Amino acid sequence: MKSEPSEFSIDDLKSNPDKTEPWDGVRNYQARNMMRDEMKKGDLVFFYHSNCDMPGVVGIMTINKEGYPDPTAFDPNDKHFDPKSDPDKPRWILVDVKYKRKLKRTISLAELKEQKYLENMKLLQRGNRLSVMPVTKKEWDYILSLE
DNA sequence: GCCAACGTTGGC
DNA sequence: GCCAACGTTGGC
C-alpha cells in the first residue's frame, strides 16, 4: 500500500496511539476491490512511500479491520468527498491497517528494479499507479531478504 | 459504445 | 517542473 510520506508516513502510523489507521481516501476501483474482496484480518502489508526523495518499501503493517465504507466519501468538508457515494449504497471501501515494524532500511524502488527476480512484480510494471496492489509470497520473502 | 479532452499519479 | 501512462467524463 502506497502513501506519500508528506501526507501520511510510516512514522505517523507508528506514533498513532493504537498504531492503527483507516486507509481512507482511495478513489480507484481496482484498489477498492482489493480492499473489499482480498484483504483479510491479519494479512501482512508492505508500507510504501511514494512521491518523495526515496520512494520504496519502508515497513510492514497488518490488516486490523476488513473492508467497510469509507466515511470520508460522505463528508462534504473532506477533500475526498464523493457526492455520488450514497451512504445506503457506499461506493468506496477501506480497511484499517496496524503498524507492525519498520524495515531496518528503506528498500528503494531503484533497488527493487535492479532485482531480476522481481521483474514481474506488479509494482514494477510499466505505468502502474495503483495505490494498493498484490505482492506474492515469493516476492514478499525476496524483498525481506534484501533487508 | 466510442473516443477526445481532461485530470491524476508518481518517478525522475 | 516535466511528462508518460492511466482513469474518468461527457458529448455524440
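Predicted model, so just to flag it, every value in this text is computed and none were measured. Each chain gets a letter, A, B and so on, in the order its sequence line appears, and its residues count up from 1.
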Charged tip of Lys65(A) within 45° of Tyr68(A) ring normal and under 6.0 Å: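 Because its charged atom sits under 6.0 Å from the ring centre and within 45° of the axis, Lys65(A) does stack over Tyr68(A).
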Phosphate OP1/OP2 of dG11(B) contacted by Tyr48(A) side-chain N/O (<4.0 Å): yes
dT9(B) phosphate, OP1 or OP2, under 4.0 Å from Lys2(A) side-chain N/O: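 Indeed not, no polar side-chain atom of Lys2(A) lies that close.
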Would you mind reading off the distance between [X] atom [atom1] and [N] atom [atom2], rounded to a whole angstrom?
X	N	atom1	atom2	value
Lys113(A)	dG11(B)	NZ	C1'	6 Å
Leu123(A)	dG10(B)	CG	P	10 Å
Asp53(A)	dG11(B)	CG	P	12 Å
Glu4(A)	dT9(B)	CD	P	8 Å
His49(A)	dT9(B)	NE2	P	17 Å
Leu124(A)	dG11(B)	CG	P	11 Å
Asn51(A)	dC2(C)	CG	P	16 Å

Is [X] salt-bridged to [Y], cutoff N-O under 4.0 Å?
X	Y	answer
Arg91(A)	Asp70(A)	no
Glu38(A)	Arg32(A)	no
Glu21(A)	Lys14(A)	no

Lys19(A), NZ: over 12 other non-hydrogen atoms inside 6.0 angstrom: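 For Lys19(A), atom NZ is crowded (more than 12 foreign heavy atoms under 6.0 Å).
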Sugar-phosphate only, base, or nothing, as touched by Gln30(A) at under 4.0 Å among non-hydrogen atoms: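 The answer is sugar-phosphate, as Gln30(A) gets under 4.0 Å only of primed atoms, P, OP1 or OP2.
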Look for any protein N or O under 3.5 Å of an N or O in nucleotides 5-8 of chain B and output each such pair with its distance, or none.
from, atom 1, to, atom 2, distance (Å)
dT8(B), O2, Arg129(A), NH1, 2.4

Output field: ring centroids Phe47(A)/Trp23(A) closer than 6.0 Å: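 Yes.
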